[in-house]
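First the structure, in the form of structure tokens, and then the observations on it.
Here the structure is a predicted model, which means the values were calculated and not measured.
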Amino acid sequence: MPRLSQASYDDRAAFSAEVLKEIVPKIITANGIDPATLETEVTPGGYLLKTNASLQTEGDLDDTTADRLAGSLGYVFRQYSVLASRLNDTTGKTEFVVVRFHQDSLNATVAQKFFEAADATEKGLGGGYTVFGDEQIFLNVTNSEGRPYSGLDDANFQDGLKRAAASFGDPAPEVSSSGKATARFIGNDWEKSKRGEDYQSLLGGPDGELVKKLDEISKDYASLVAKTAESKGWNRDE
């Protein structure tokens with residue numbers, strides 16, 4: 001889709017809302033979960049200093065079920081990774097920092113502005129964030145060797161965000177909480193595993209019932225992508 005990169009945040013959010021309505025409940029149901037027990041919303045999400053429309057799902061799930069659902073979402077949407085986290089896990093090893101804005105003041109523009117300000121304050125804070133309501137959440141996620149992707153230790157990670165919040169200006173945010181969480185990436189390298197083999201292994205294998213259901217849902221998703229790309233002109237040559 002040659003013109004997808006030109007799509008506005010609002011257009012991407014509108015498409016994500018369609019995905020939330022038409023596709024996400026099918027994926028949740030395929031996992032044997034009642035969609036009514038989970039809350040999913042379209043919110044700003046950041047990765048490598050870029051904000052995009054993201055889907056965030058919140059619910060009371062055990063780790064195995066959460067990882068399987070994350071893998072299912074990544075498989076259908078062809079994501080390189082999906083972040084699974086539990087912020088109330090005090091035994092976790094991942095530092096988190098919550099930056100809270102005044103009610104109804106945190107939107108995609110403000111989130112991106114603070115994302116850039118944080119990275120300018122301390123290199124490494126531009127890796128990623130998630131948003132729930134008026135809270136912008138930063139996680140100092142580590143790799144398999146326990147090293148933070150940010151390159152910052154937890155003290156500098158937290159201090160950098162505090163300094164960024166203190167100097168940000170209007171709307172004035174504050175670091176409202178911080179602590180330890182459990183966080184991990186569930187992923188698949190689509191360049192190397194073109195059929196989503198990493199996800200498939202987590203989901204019971206390519207011939208498993210769940211993967212078969214997700215393959216059917218993937219067809220619905222592909223149709224929605226094609227329809228939206230045509231209507232928005234994303235698939236037209238430059």
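- In this structure, Val82 and Phe185 have side chains that are not in contact, with every pair of non-hydrogen atoms separated by 4.5 Å or more.
- Residues Phe115 and Gln112 meet the side-chain proximity criterion, which asks for heavy atoms closer than 4.5 Å.
- Here Asp215 does not pair with Lys219 in a salt bridge; the nearest charged N to carboxylate O distance is not below 4.0 Å.
- The pair Arg86-Asp63 counts as a salt bridge, with a side-chain nitrogen and a carboxylate oxygen less than 4.0 angstrom apart.
- The nearest pair of heavy atoms linking Gly133 to Glu41 is N-OE1, 4.4 Å.
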Start with the C-alpha distance between Ile27 and Tyr75, add both sets of side-chain angles, then the distance that settles side chain to side chain contact (heavy atoms under 4.5 Å, CB included), and finish with yes or no. CA-CA 10 Å; Ile27 298 173; Tyr75 182 66; over 6 Å; no
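- Taking the side chain as every heavy atom from C-beta outward, Phe157 and Pro148 never approach each other to under 4.5 Å.
- Contact of the Phe114 side chain with the Phe101 side chain is registered, since non-hydrogen atoms from C-beta on lie closer than 4.5 Å.
- Side-chain atoms of Glu135 do not come within 3.5 Å of backbone N or O of Val98 as any donor-acceptor pair.
- In this structure, Ala229 and Asn235 approach most closely via the heavy-atom pair O-OD1, 3.3 Å.
- Under the 4.5 Å side-chain criterion, counting only non-hydrogen atoms from C-beta, Ile28 is in contact with Leu69.
- The two atoms that bring Ile23 and Phe77 nearest to each other are CG2-CE2, 3.8 Å, heavy atoms only.
- A 4.5 Å side-chain heavy-atom check between Thr43 and Thr130 finds every atom pair outside the cut-off.
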Salt bridge (Lys or Arg N to Asp or Glu O under 4.0 Å) between Lys180 and Asp154: does it pass, once the steps are laid out? CA-CA 10 Å; Lys180 296 297 184 180; Asp154 289 344; 2.5 Å; yes
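- Looking at Asn140, its side chain does come within 3.5 Å of a backbone N or O of Leu152 through a donor-acceptor pair.
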Where do Tyr199 and Ile186 land on the side chain to side chain contact (heavy atoms under 4.5 Å, CB included) test, with the steps shown first? CA-CA 8 Å; Tyr199 285 135; Ile186 311 299; 4.2 Å; yes
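- Judged by distance alone, with hydrogens and angles left aside, the side-chain atoms of Asp134 form no donor-acceptor pair with the main-chain N or O of Arg100 at under 3.5 Å.
- You'll find the side chain of Thr29 reaches within 4.5 Å of the side chain of Pro35, heavy atoms only.
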